[in-house]
Amino acid sequence: MNKFSMKTEIISGNNSISELSNMPIKNALVVCDPFMVKSGKISAVTDALDKLDVKYDIFSEVVPDPSIDVVSGGLFKGISLKPDTIIALGGGSAMDTAKVIKHLMDNIEIKLICIPSTSGTGSEVTSFAVISDPSVNGKYALVDEDMIPDIAILDPSLTMSVPATITADTGMDVITHDLEAYVSLNSTSFTDALAEKSIRIVWNELPKVVKNGNDVEARKVVHDASCMAGMAFSGASLGICHSLAHALGGRFHKAHGRLNAMLLPYVIQYNSGIDGSEETEALHRYAQIARVLNISSYTDRSTVNLLIGNLKRLTDQLSIPKTIAQLGIDENEYKSAVPDMAKAALKDRCTVTNPVVPTQEDLENIYLKLVKGS
């Protein structure tokens, strides 16, 4: 038996953020990072709240890879304010922080509104949140239905000033979401449809947006596709590419989407069993979604080989690093960390739905591929 549900109301389009001023908000906590305040982008939210003439406070201490301490700071402010609405503005870090704050305030009825400013995480529609724990140099992937946002506002105008490198990193996160959801043990016809539509858009449009961030229409469709990917993996979950990226990011604090992009070819290679004698079910699934991208050959095995080759060419086009050294990580320090990172990845919630059950040695071997980039 399969289940698929969609709790989040989605509002999209240019200037869709103005819909905030039509919502029955009485007391709001706004969660964002310091840049949103310094750049003035926060005004898109506060102007709407001022128009409503409601009480609100801003928690702007969100940082990349938000830690337990950051969440605690936001929770303290939330307990003091007792909001009926939490509004998250920003990337995945802001939305994940807001989700956990809401989850921990479970004795108060709170509506959660997420407004992504990047096209990548899909956090605005998922039950997932990733929080880091500096004491163990790791990340925790939290999953709870209570963390699914009530409303997602997809306003592409908020993404227009995102730099090319971040656009590339977050866009590759979308592609990873689509591919992992598609081969997940929990995939359904509904999640497949979302993943297929999303990857077709992002595969074709991401290079355009990276090259020209002022392409309004391309920004819009990529922003919408990012949300579709979030819906896909919210229903199907993910796999070891995310598990590996979580552990690696928790240890060395590099951009999550970039790490996914670097790991993804080797994860596809591993899951598909392409170098072995036996074809896995995942190989046939990868071949199916490759054909959605008009990547096809005579056999599923050769089609997946082409998919991996095209994926590497795409990451080259987007200037994604290939090796740990290119990421600025010392190779010896990295190699010494591999066993602990693999151990953490093995325990990650995303590993449960990977199409192949990995061993710690399997995960270590994938990590070591990043030393030479092959």
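All heavy atoms count here, side chains included; hydrogens, waters and symmetry mates do not.
Linking Ile, Leu, Val, Met, Phe, Trp and Tyr whenever their side-chain heavy atoms come within less than 4.5 Å puts Val371 and Leu263 in one cluster. Hydrophobic clustering, with ILVMFWY side chains joined whenever heavy atoms are under 4.5 angstrom apart, groups Leu311 together with Val267. Cluster membership for Met95 and Ile101, using ILVMFWY side-chain heavy atoms within less than 4.5 angstrom, is not shared. Under the 4.5 Å side-chain heavy-atom criterion for Ile, Leu, Val, Met, Phe, Trp and Tyr, Phe190 and Val183 are members of distinct hydrophobic clusters. One hydrophobic cluster, built from ILVMFWY side chains closer than 4.5 Å, holds both Leu49 and Ile42.
Side chains of Ser184 and Asn186: a donor-acceptor N/O pair is absent below 3.5 angstrom, by distance only. Between the side chains of Asp362 and Thr359, a donor-acceptor pair is found at a separation under 3.5 Å. Side-chain contact of Thr351 with Ser243: a donor-acceptor pair under 3.5 Å is present, judged by distance alone. Checking Ser117 against Lys41 by side-chain atom types alone, no donor-acceptor pair falls below 3.5 Å. Under the 3.5 Å distance criterion, with hydrogens and angles disregarded, a donor-acceptor pair is assigned to the side chains of Thr126 and Lys99. Side-chain contact, Arg258 with Thr165: no donor N or O sits under 3.5 Å from an acceptor N or O.
The two residues Asn260 and Ala245 have their closest heavy-atom pair at OD1-CB, 3.3 Å. The nearest pair of heavy atoms linking Gly120 to Ser226 is N-OG, 2.9 Å. What you find for Val62 and Pro34 is that their closest heavy atoms are O-CD, 3.3 Å. Minimum interatomic distance between Pro83 and Gly78 (heavy atoms only, all atoms of both residues): CD-O, 3.3 Å. The two residues Ala152 and Thr8 make their nearest non-hydrogen contact at N-CG2, 3.5 Å. Smallest separation of non-hydrogen atoms from Ala88 and Ala98: CB-CB, 3.6 Å.
Taking the six-membered ring where tryptophan is involved, the planes of Phe252 and Tyr334 are tilted, since the angle between them lies from 30° to 60°. A perpendicular orientation is assigned to the rings of Phe233 and Phe128, their planes being inclined by more than 60° (bins at 30° and 60°).
In this structure, Arg285 pairs ionically with Asp192, as a charged nitrogen and a carboxylate oxygen lie closer than 4.0 Å. Lys220 and Asp224 are joined by a salt bridge, as a carboxylate oxygen and a charged side-chain nitrogen come within less than 4.0 angstrom of each other. Salt bridge status for Lys7 with Asp146: absent, with no side-chain N to carboxylate O gap under 4.0 Å. Here Glu333 pairs with Arg251 in a salt bridge; the nearest charged N to carboxylate O distance falls below 4.0 Å.
Partner Tyr56 forms a side chain to side chain donor-acceptor pair (under 3.5 Å) with one of Asp50, Asn27, Thr46 and no other, that one being Asp50. Between Val125 and the choices Leu154, Ile148, Ile10, the side-chain contact (heavy atoms from CB on, under 4.5 Å) rule is met once, by Ile10.
Proximity of Leu206 to Val174: side-chain heavy atoms (C-beta onward) are nowhere separated by under 4.5 Å. Looking at Val100 and Asp96, their side chains never come closer than 4.5 Å, going by heavy atoms from C-beta outward. In this structure the side chain of Ile25 reaches within 4.5 angstrom of the side chain of Ile87, judged on heavy atoms. Between Ile240 and Ile366, the closest side-chain pair of non-hydrogen atoms falls below 4.5 Å. Using a 4.5 Å cut-off on side-chain heavy atoms (C-beta onward), Ile131 and Ile68 make contact.
Counting non-hydrogen atoms of neighbouring residues, nucleotides and ligands closer than 6.0 angstrom, the NZ atom of Lys111 reaches no more than 12 such neighbours. Within a 6.0 Å sphere centred on NZ of Lys77, other residues, nucleotides and ligands contribute more than 12 heavy atoms.
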Verdict with supporting geometry, Thr170 and Val162, side chain to side chain contact (heavy atoms under 4.5 Å, CB included): CA-CA 10 Å; Thr170 55; Val162 176; 5.6 Å; no
Derivation of the side-chain hydrogen bond (donor to acceptor under 3.5 Å, both in side chains) call for Thr167 and Arg219: CA-CA 10 Å; Thr167 300; Arg219 284 283 193 189; 3.3 Å; yes
Step-by-step side chain to side chain contact (heavy atoms under 4.5 Å, CB included) determination, Val304 to Glu279: CA-CA 11 Å; Val304 175; Glu279 296 184 349; over 6 Å; no
Step-by-step salt bridge (Lys or Arg N to Asp or Glu O under 4.0 Å) determination, Asp84 to Lys55: CA-CA 10 Å; Asp84 70 329; Lys55 181 181 178 182; over 6 Å; no
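One finds the CE atom of Met228 at 13.0 Å from the CD1 atom of Ile199 (value rounded to the nearest 0.5 Å). Met105 CE to Lys82 NZ: the interatomic distance, rounded to the nearest 0.5 Å, is 7.5 Å.
Checking side-chain atoms of Asp65 against main-chain N and O of Ser132 turns up no donor-acceptor pair under 3.5 Å.
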